[in-house]
Each structure stands twice: as structure tokens, then as C-alpha cells.
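Predicted model, so just to flag it, every value in this text is computed and none were measured.
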Amino acid sequence: MTFPSGNMPTQARCERVPPPHDSKWGPMDLRVLQEDDLPLDPRTWNRADVGRWVSQRGGLPERFPMNGKALCLMNKEMFAARVPHNGIMLHQDFRRRLARALTLQELLEKVTTNVYN
């Protein structure tokens with residue numbers, strides 16, 4: 001999935017973390033949408049999740065001692081500085097995952113608003 005430069009998630013949208021599983025969204029199990037063993041929404045990744053994601057893509061986890069919210073603050077140049085051989089690809093993968101999570105969050109909010117109203 002590619003996004004025109006104007007449609008990439010912004011830092012401000014990174015702040016919108018979805019509600020916990022026991023809230024209004026209901027029992028829908030989104031694990032079927034996961035592409036690997038990482039949580040679907042990269043904003044919820046802890047340091048271990050970030051390290052696993054980086055190492056699965058050929059990077060050194062110690063270069064990313066942070067959680068998913070901190071990754072939201074990084075631009076592609078920052079990724080490239082930490083992983084010179086494929087930092088841009090790593091940035092694109094993160095932004096793609098974030099865009100998918102945001103789209104799903106918005107869809108679920110619309111669906112639950114319509115169901116509960």
C-alpha cells in the first residue's frame with residue numbers, strides 16, 4: 001500500500017491511541033489483520049516490539065531503544081541515520097503500518113458510533 005506524500009500520517013495523528021479492548025469497540029478480534037507477531041497498531045509497541053521489528057528487517061535493535069510512540073516522532077532521515085543500508089525502507093514500513101492502524105481505528109469508531117447511536 002502506497003500513500004501520496006499528502007496522505008501520510010502526521011505526528012499529531014500518532015497521538016490518537018485507540019481505546020483499550022474492554023471499551024466501546026466491542027469484542028472484534030483484529031489479530032486476523034496482523035502480518036506478523038507484532039501488535040497491529042505500532043503506536044502501542046513497547047521497546048521489545050520495536051527491537052523485534054527492527055531486527056526482523058535487518059537493523060540493530062540497540063539503535064532503536066524506544067517504544068512505538070517515539071518512532072512516530074522520527075522522520076525518514078532519522079531512520080536512515082540509524083540504519084544506513086535500509087532506513088528509508090524501515091521508515092516506509094512503519095508509516096504503512098501506522099496508516100493502516102489509523103484507518104482501522106477510524107473505521108471502527110464510525111461503526112461503533114452507528115451501532116451505539
Would you confirm whether Arg47, through its side chain, and Asn67, through its main-chain N or O, come within 3.5 Å as a donor-acceptor pair? no

Heavy-atom side-chain contact between Arg52 and Asp37 under 4.5 Å: yes

For the residue pair Phe64 and Phe79, is the inter-centroid distance of their aromatic rings smaller than 6.0 Å? yes

Please report the interatomic distance CD(Glu77) to CG(Asn75), rounded to the nearest 0.5 Å. 4.5 Å

To the closest 0.5 Å, what do you measure between CG (Asp41) and CZ (Arg97)? 11.0 Å

Report the residues that fulfil side chain to side chain contact (heavy atoms under 4.5 Å, CB included) with Ala80, sequence neighbours left out, ordered by chain and then residue number. Ile88

If every non-hydrogen atom of Cys72 is compared with every non-hydrogen atom of Leu98, which pair is closest and at what distance? SG-CD2, 4.2 Å

Identify whether Leu90 and Leu38 are in the same connected component of the hydrophobic contact network (ILVMFWY, side-chain heavy atoms under 4.5 Å). yes

Trp53 reachable from Leu102 in the ILVMFWY side-chain graph, under 4.5 Å edges: yes

Side-chain contact, heavy-atom cut-off 4.5 Å: Val54 with Leu60? no

A side-chain contact here means heavy atoms from C-beta on lying under 4.5 Å apart; do His85 and Val83 qualify? yes

Under 4.5 Å between side-chain heavy atoms, hopping through other hydrophobics if needed: is there a path connecting Met66 to Trp45? yes

So OG1 of Thr44 and CG of Asp49: to nearest 0.5 Å the spacing works out to 7.0 Å

Side chains of Met78 and His91: does their closest heavy-atom pair fall under 4.5 Å? no

Less than 4.5 Å apart, side chain to side chain, heavy atoms only: is that true for Pro42 and Leu71? no

